[in-house]
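Here is the structure we will look at, set down as structure tokens.
These numbers come from a predicted model, not from an experiment. Order of the sequence lines sets the chain letters (A, B, ...), proteins ahead of strands, with each chain counted from 1.
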Amino acid sequence: MASGITRARIVFVIAALLMVAAYFVVQLEPADPRPVGDISDLTTLRDREDLNVLFILIDTLRADRLGAYGYERDTTSNLDALMANGIRFENHFAQCSWTKSSMASLWTGINPARTGIHRYMHSVPEDALLPAEILRDEGFRTAGIWRNGWVAPNFGFSQGFDVYLRPNPGRIAPAIRHAHPGATIAGSDLDATKSAIEFLRTVREGERWFLYMHLMDIHQYMSDAESALFGTDYPDLYDNAIHWTDRNLGHLLDTLRERGHLDNTLIVIASDHGEAFREHGTEGHARNLYGEVIHTPLIVSLPYRLEAPLVVESPTANIDVWPTILDLIGAPPLDQPDGVSLVTAIERAARGEAVDSARVIYSDLDTGWGNPKKISNRIMAASRLPFRAHQRNEEGFELYDLESDPMERNDLSESRTDLADEMREVIEAYSDSGEPPWRPDEVELDSLMLNQLRALGYKIE
Amino acid sequence: VTRGRSHFLVGLLSLASLAMLLSSVACQREEVTLDSIGLMLGAGQVEEALETIREELDRDPDRYDLQLAYGRVLVLRGEHNLAIWPLREAARDPEFEVPALLMLAQSQVAIGNGEEALRAINLVLESDPDNREALIMRIEAHLEAMALEDALLDSEHLLDLFPDDSRILLARARALLLLERAEEAETALDELHVLIEEDPEAHPEETQARVCAARAHFQLEKGNLETAFEQASECADRFPASHVALQEILDAHVRRDEVEEAFARIRASLAANPMDSQIRYLLAEQLRFRGESEEAEQVLKDGLALFDPPRSQDWRLLYEHYWQMKDFPQALDAFEKTLELVPMPSTGDLMQLADAHTEAGNLDRAEEVAERLSEGYRELILGRILYERGEYEKARETLLIGIRQWPSNPVARMLLGEISARLGDLETALSEYTEAYRIDYGHNAPDERTDSAKEVARFHMALGAYGNAIGFLNSHLGVKPTDIEGLELLARAAARGGKPELGNAALNLLTQTPGGFARAVAVQSKLVSEVKGPAAAIEAISKGKTDLTDASSTRVLDVYLRELALLGRHEAATKYAATAVRANSGSGVHIALLARARMGAGHDPAEIQKQIDIAREREPDHIGVLMIAGQFEAEQGRIAEAIELYDRAAAGSPDSPAAALEAARLVALDPGKREEALERLETILADHPLESRAATALAKLIVESQPDGQPNPQELEQALRYAERAAHYGGSLPVVDAAESFVVLGRVQQARGDQEAAQAAFDFALKIDGENEAAREMLREADAATPGKG
């Protein structure tokens with residue numbers, strides 16, 4: 001009898017322990033709840049009815065400052081973790097080193113030579129078809145949270161968004177520092193992140209959504225004490241700001257996980273241009289088209305995990321971003337884009353096939369974009385790996401071999417004349433690459449707006 | 001086994017039942033009502049209330065009443081960019097649509113999204129076209145979006161509907177002003193004025209005062225001084241407590257040159273508003289400007305006496321007054337009292353107090369205050385305190401922590417630059433000065449800028465980058481056009497950079513500064529001497545027709561006599577000096593200059609001694625006299641006396657290393673005082689980090705004092721660092737000194753056994769100065785030592 005009671009107690013205790021264990025199993029979610037998949041599952045995404053799109057544009061982010069792109073500093077642990085099970089495009093280039101022109105190409109998939117959006121008063125017209133319009137028509141709830149004045153509604157970038165919000169808090173939290181002396185735009189990306197989290201809170205069961213976040217703190221060299229890890233000079237401050245931005249993204253990714261969105265959201269991260277630290281004599285951006293200002297990251301995180309990161313080595317461009325996203329989710333395409341869906345490139349990379357070395361990526365900048373007079377000072381760059389050519393107006397031409405000279409210091413235009421002639425023709429053909437499906441509008445900017453843009457550090461006459 | 005199994009099942013089921021029971025208890029949540037939320041908010045539990053709402057909305061997003069409440073709380077917290085999301089949700093319910101959309105529009109206006117605000121307002125107007133609040137808000141939204149014509153159109157339309165609404169009239173006036181339609185704006189203000197006059201009680205007094213003052217201001221802008229004055233007087237009389245009205249009448253008085261009347265008006269205003277500390281300070285400030293600082297102090301003390309206990313703001317005003325009067329002990333006492341009365345002093349207040357104590361030399365108290373600051377701020381202050389205490393390494397480490405967190409602080413960066421330079425880390429120093437410059441000139445208003453551009457220019461000059469230096473100096477002089485040192489540097493940089501016209505322009509500007517003429521001539525002569533030799537310098541001074549006997553031209557006379565001496569014309573120098581002594585009633589410095597000339601001419605030392613004694617008696621602390629006396633003692637072999645005189649001169653001229661260098665040179669003559677000489681030179685280098693001659697002297701002393709056969713490799717490496725530093729940063733040196741730095745570098749390299757590097761250094765020295773015999777000799781020796789040569 002006594003032994004029976006003892007045994008019963010033991011059984012009872014074991015059962016209790018099992019219950020406790022079961023409780024913890026239920027409570028503790030796995031760090032990444034996404035199922036494991038492979039590249040062959042890519043094409044099944046377009047059949048899913050629950051897929052959402054989170055597009056994060058990190059302003060002024062050069063690729064070589066991310067851990068996953070080989071940077072030695074631990075700037076981007078959250079982005080690196082995302083890339084560990086996702087797709088990274090190694091040779092990805094922006095179409096301009098100035099935000100508005102770059103973003104016009106990114107959203108429309110059309111090169112600047114055809115968008116015609118080169119100058120500060122140009123805007124994307126209503127005739128242009130933007131991804132948010134396509135997604136809204138597909139039943140997505142569309143929201144944009146932006147902090148760079150060059151993508152303001154008056155430049156035509158709000159088309160298709162149910163809400164296009166500049167999260168201006170009116171005052172900056174005291175814990176966040178402006179590192180950039182010209183950083184006078186209000187608020188920080190923390191406001192954008194908090195606002196995005198509130199947006200996610202309002203998403204209903206079964207409702208599809210597309211969220212665009214345009215983060216700005218790297219442009220502003222902004223960080224908080226916890227992110228200020230890398231020193232005090234200008235490039236250090238830039239890294240501090242990247243770390244701060246990555247931490248904000250960490251909060252957002254946590255929210256996606258907590259709210260059960262990680263396995264039904266396609267996350268795409270890109271940048272409009274990089275940043276120079278006197279590699280070619282200038283600081284900042286929007287002045288030339290060397291690698292430091294056009295080599296930007298492109299990261300795709302799928303609603304499932306790849307067992308190992310996939311690196312696409314073939315050259316890709318920001319004009320490919322939306323053709324790819326729309327292709328992946330099975331939405332209608334953009335209107336006559338120059339960019340292409342990268343699904344094929346991804347599949348080729350997964351199969352270990354050779355890099356597409358024939359593709360030319362164009363970047364295009366009118367350095368006179370801030371001048372109200374029509375004085376054009378245009379630079380066009382053609383990246384046909386491993387070479388990059390730069391044509392400045394009629395006269396200036398430079399040619400570099402990026403394999404042996406990744407910093408673009410040794411101009412080969414005199415020594416490789418055949419190749420130089422060939423690249424000249426390539427650029428000439430680009431500059432005559434035809435009409436866009438629409439003509440750019442021109443807007444009149446009031447002095448307030450111009451001052452806000454000047455506060456970003458841009459020189460507008 | 002069966003029993004065991006059944007026990008197990010019973011146990012499991014019991015636990016499961018218990019778990020279900022607990023779970024059901026947990027799930028029996030108290031219903032979240034607006035009242036319960038209200039109670040939480042009323043009790044100050046804002047975070048708890050928000051969390052409760054969020055949990056409830058996660059469970060039931062269709063609680064539109066809660067969505068609206070959530071949005072409202074966020075709006076009240078100023079978190080408009082978060083509020084818009086629940087407000088949009090609330091607007092889905094017809095019951096809450098209008099209030100939610102209006103609040104949404106308000107939030108969008110608050111965060112500057114005029115177009116989004118318009119979207120929300122238009123949605124309200126779609127269902128309720130005459131909604132007055134929405135229509136008024138639409139004007140605000142149009143104004144925010146700078147859609148000024150639309151704002152005007154809406155306001156005019158609304159005025160037809162609600163002609164007596166002062167908010168609409170005010171908005172219309174704003175739109176007209178922004179459209180620069182001044183006359184119509186003025187008419188709108190007049191209409192508003194009439195409306196207010198009809199029923200003043202319906203409008204807040206401050207609104208009335210502002211409208212009144214704005215009307216007067218219009219008259220002032222139009223040049224109708226009399227009307228403006230009358231209207232402004234009326235406003236000031238009617239609204240004696242309004243600062244806007246007071247400012248308007250003061251402006252009117254000033255335009256009429258009625259300074260006394262303006263002053264009397266301030267007095268009267270304070271009499272009418274004795275509690276108003278702003279007006280009180282305005283009066284005290286005016287009294288201070290008039291030199292009546294005692295009365296100013298009394299006025300502020302009267303303000304203190306009005307309250308028991310006194311108000312912190314009144315102590316703060318007294319602090320400001322004392323600080324302006326440079327009465328630092330009283331100022332600090334007043335500031336301490338200010339903060340004693342503030343329950344939670346702000347970071348800015350504590351920083352200001354700590355800074356003020358540091359400035360006044362109360363370092364211990366400054367440290368106590370700094371310890372109350374949060375990390376980052378604290379380090380910025382502590383860094384400065386450590387600097388003042390001479391703990392430079394610690395100061396650097398501490399400042400670095402502060403700057404990492406507050407990188408946009410140019411003052412801290414300048415200090416870090418100075419400390420780094422003092423510690424010999426010139427690269428970091430330049431980097432910090434450059435960052436300070438970037439902040440100053442990219443962001444700060446001109447009057448807030450530090451001297452970062454001048455410091456960066458100094459470095460670029462030392463590096464021989466004269467073009468860059470010119471650019472930075474131009475920036476600096478753009479802000480401080482009469483900065484004597486900046487103009488001198490520009491003249492030097494321009495001369496070195498091959499831009500004589502710019503150099504002359506800088507010298508011309510220098511002549512326009514107080515005492516600048518002689519300084520300009522002296523600088524120009526030195527520059528001419530460097531480039532074309534002493535004869536050309538003498539000619540330039542003669543052509544300038546400067547009266548060398550004039551007391552204000554002593555500096556030029558000094559240069560002139562030196563140049564004559566360089567040409568060996570000692571008797572001529574003596575003659576000129578004697579004339580100057582006669583013309584200046586035997587001033588000490590002129591007698592000393594005469595003594596120096598006579599030293600050069602080889603006159604009787606006893607006579608020179610007498611003259612030097614007279615000079616020292618007449619001007620015992622004059623740096624020039626002390627330097628010449630030191631020179632004389634040294635020439636007479638009385639080294640200890642010479643060193644003492646140079647030390648006194650050095651103590652009196654902390655900005656110039658010349659005397660300290662002479663003293664160190666004399667100390668180094670005694671092999672037994674090698675360590676003292678090294679220490680002296682290191683101190684000079686710390687105090688004047690770009691003084692390459694000190695670095696050269698250090699390297700030379702080390703290399704020359706190495707024992708033959710067994711040199712100390714560590715010391716030689718140190719010598720190499722000094723020699724390289726001297727050569728690298730020798731861009732500001734005269735040619736002779738620059739060449740000397742390379743000769744010393746070559747000798748150090750020789751001692752280290754690197755003959756190739758030594759030869760390169762001697763070669764370079766000869767390139768700089770073709771007449772450098774030492775370099776030529778060393779090269780000959782080197783060639784002779786090379787097999788196959790010589």
Side-chain angles (χ1 to χ4, degrees), chain A residues 4 7-9 11-16 18-19 23 143 145 153-154 158 162-171 174 177-184 186-187 191-192 194-195 197-199 201-205 221 223-225 228-234 236-237 240 259 446 448-449 457, chain B residues 3-5 7-16 18-19 54 57-58 61-62 67 74 78-86 88-89 108 110-113 115-116 119 145-146 148 347 374-376 400 403-408 410 413 416 428 431-432 434-435 438-444:
Chain A
R7 206 181 306 139
R9 271 187 193 151
V11 168
F12 189 84
V13 169
I14 291 170
L18 283 170
M19 294 283 291
Y23 171 81
I145 300 174
N154 58 334
S158 62
D162 298 327
V163 178
Y164 199 62
L165 172 78
R166 179 172 50 190
N168 183 350
R171 70 182 181 88
R177 285 86 174 160
H178 278 143
H180 191 295
T184 50
D191 305 308
K194 282 182 176 175
S195 200
I197 290 171
E198 285 302 325
F199 163 75
R201 194 188 301 285
T202 62
V203 170
R204 307 295 176 100
E205 185 87 33
Y221 288 61
S223 64
D224 69 351
L229 302 177
F230 303 116
T232 61
D233 70 15
Y234 221 41
D236 292 338
L237 298 180
N240 292 342
R259 303 193 79 84
D446 59 63
L448 182 71
M449 183 86 183
Chain B
R3 203 186 305 154
R5 200 177 282 160
H7 272 301
F8 176 78
L9 285 172
V10 168
L12 198 60
L13 288 173
S14 310
L15 272 172
L18 183 65
R54 285 185 191 120
L57 288 177
D58 279 348
D62 291 338
Q67 296 278 17
L74 291 171
E79 295 181 298
H80 297 280
N81 54 315
L82 307 186
I84 63 142
W85 302 107
R88 281 176 57 85
E89 291 303 300
Q108 296 283 20
I111 55 179
N113 292 326
E115 296 197 14
E116 290 286 330
R119 273 207 230 186
M146 292 304 277
L148 303 177
T347 298
S374 56
E375 193 188 331
L400 267 171
I403 287 176
R404 274 192 189 156
Q405 297 190 33
W406 297 100
S408 300
R413 285 191 179 271
L416 183 56
T428 302
S431 162
E432 289 301 326
T434 308
E435 291 302 329
R438 193 201 302 277
I439 298 161
D440 276 333
Y441 288 79
H443 184 51
N444 284 351

Who wins among A:Ile197, A:Asp233, A:Leu165, A:Asp236 for the most heavy-atom pairs under 4.5 Å with chain B?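 Most pairs with chain B among the choices: A:Leu165.
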Just give me the residue among A:Arg204, A:Arg259, A:Glu205, A:Lys194 that pairs up with chain B most often, heavy atom to heavy atom, under 4.5 Å.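 The candidate making the most pairs under 4.5 Å is A:Arg204.
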Looking only at side chains, do A:Ser158 and B:Glu116 share a donor and an acceptor under 3.5 Å apart?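 No, no side-chain donor-acceptor contact under 3.5 Å.
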Any donor-acceptor pair under 3.5 Å from A:Ser223 side chain to A:Ala228 backbone: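 Side chain of A:Ser223 to backbone of A:Ala228, a donor-acceptor pair under 3.5 Å: no, none is there.
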Counting only N and O atoms by type, is there a donor-acceptor contact under 3.5 Å from the side chain of B:Arg413 to the main-chain atoms of A:Thr232?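 Yes; at least one donor-acceptor contact below 3.5 Å.
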With a 4.5 angstrom heavy-atom cut-off, which part of A:Ile145 approaches chain B: side chain, backbone, both or neither?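 Contact with chain B: side chain only.
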Go through the atoms of A:Asp162 and report whether side chain, backbone, both or neither lie under 4.5 Å from a heavy atom of chain B.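 Contact with chain B is through both the backbone and side chain of A:Asp162.
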B:Leu416, part contacting chain A, at a heavy-atom distance under 4.5 Å: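 For B:Leu416, no heavy atom lies under 4.5 Å from chain A.
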Nearest atoms (heavy-atom pairs only) where A:Tyr234 meets B:Glu435: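 Closest approach of A:Tyr234 to B:Glu435, heavy atoms only: N-OE2, 3.5 Å.
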May I have the step-by-step check of salt bridge (charged side-chain N to carboxylate O under 4.0 Å, His left out) for A:Glu198 and B:Arg88, ending in yes or no? CA-CA 11 Å; A:Glu198 285 302 325; B:Arg88 281 176 57 85; over 6 Å; no
Out of B:Glu79, B:Glu115, B:Arg119, B:Gln108, return the one with the most heavy atom pairs under 4.5 angstrom to chain A.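 Greatest number of close heavy-atom pairs with chain A: B:Arg119.
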